[in-house]
Amino acid sequence: MPEIVISEEVFGLPNIKSAKKRVLVNKAKALQNKAARSALKTEIKKFEAAVAEGNRSEAEGAYKVAVKAVDKAVGHGILHKNNAAHKKSGMTLKLNKLA
């Protein structure tokens with residue numbers, strides 16, 4: 001987690017110290033969320049690619065990693081739990097269709 005420097009100059013905002021800190025914390029959290037979303041999308045795309053190739057063993061490995069990434073996203077508040085369940089259900093159906 002990046003360290004927050006309160007002395008950093010924040011322009012165009014109130015002069016209140018807590019408001020400045022809140023802006024900096026929000027920037028840091030936004031970057032973390034963006035990185036986590038990117039990682040989640042990458043893992044899901046890897047699973048989709050393995051399914052498209054029809055490679056069952058590779059798809060199973062990618063499935064486990066993708067489900068873990070989805071669950072982590074829920075834990076970090078990036079995805080809603082119902083959205084995660086929907087994604088996992090769809091991935092499970094695709095995996096089960098592979099012969």
Output the distance between atom NZ (Lys29) and atom CD (Gln32), rounded to the nearest 0.5 Å.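 The NZ atom of Lys29 sits 4.5 Å away from the CD atom of Gln32.
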Among residues two or more places apart or on two chains, list those pairs meeting side-chain hydrogen bond (donor to acceptor under 3.5 Å, both in side chains) that have a residue in residues 57-66.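 Counting only pairs at least two positions apart or across chains, the side-chain hydrogen bond (donor to acceptor under 3.5 Å, both in side chains) contacts touching residues 57-66 are Asn55-Ser57, Asn55-Glu58, Arg56-Glu60, Tyr63-Thr92.
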Give a yes or no on whether the backbone of [Y] and the side-chain of [X] come within a donor-acceptor separation of less than 3.5 Å.
X     : Y     : result
Asn26 : Arg22 : yes
Ser89 : Ala85 : no
His76 : Ile78 : no

Considering only heavy atoms from C-beta outward, does the side chain of Lys87 approach that of Ile44 to under 4.5 Å?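 Sidechains of Ile44 and Lys87: in contact.
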Go through the structure and list residues passing side-chain contact (heavy atoms from CB on, under 4.5 Å) with Ala69, not counting sequence neighbours.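 Only Leu40, Glu43 meet the side-chain contact (heavy atoms from CB on, under 4.5 Å) criterion with Ala69.
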All side-chain contact (heavy atoms from CB on, under 4.5 Å) counterparts of Val51, not counting sequence neighbours: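 With sequence neighbours excluded, Val51 shows a side-chain contact (heavy atoms from CB on, under 4.5 Å) to Phe47, Ala59, Lys94, Leu98, given in chain and number order.
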Should Val74 and Met91 be regarded as members of a common hydrophobic cluster, given that ILVMFWY residues are connected when their side-chain heavy atoms come within less than 4.5 Å of each other, either directly or indirectly?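 Yes.
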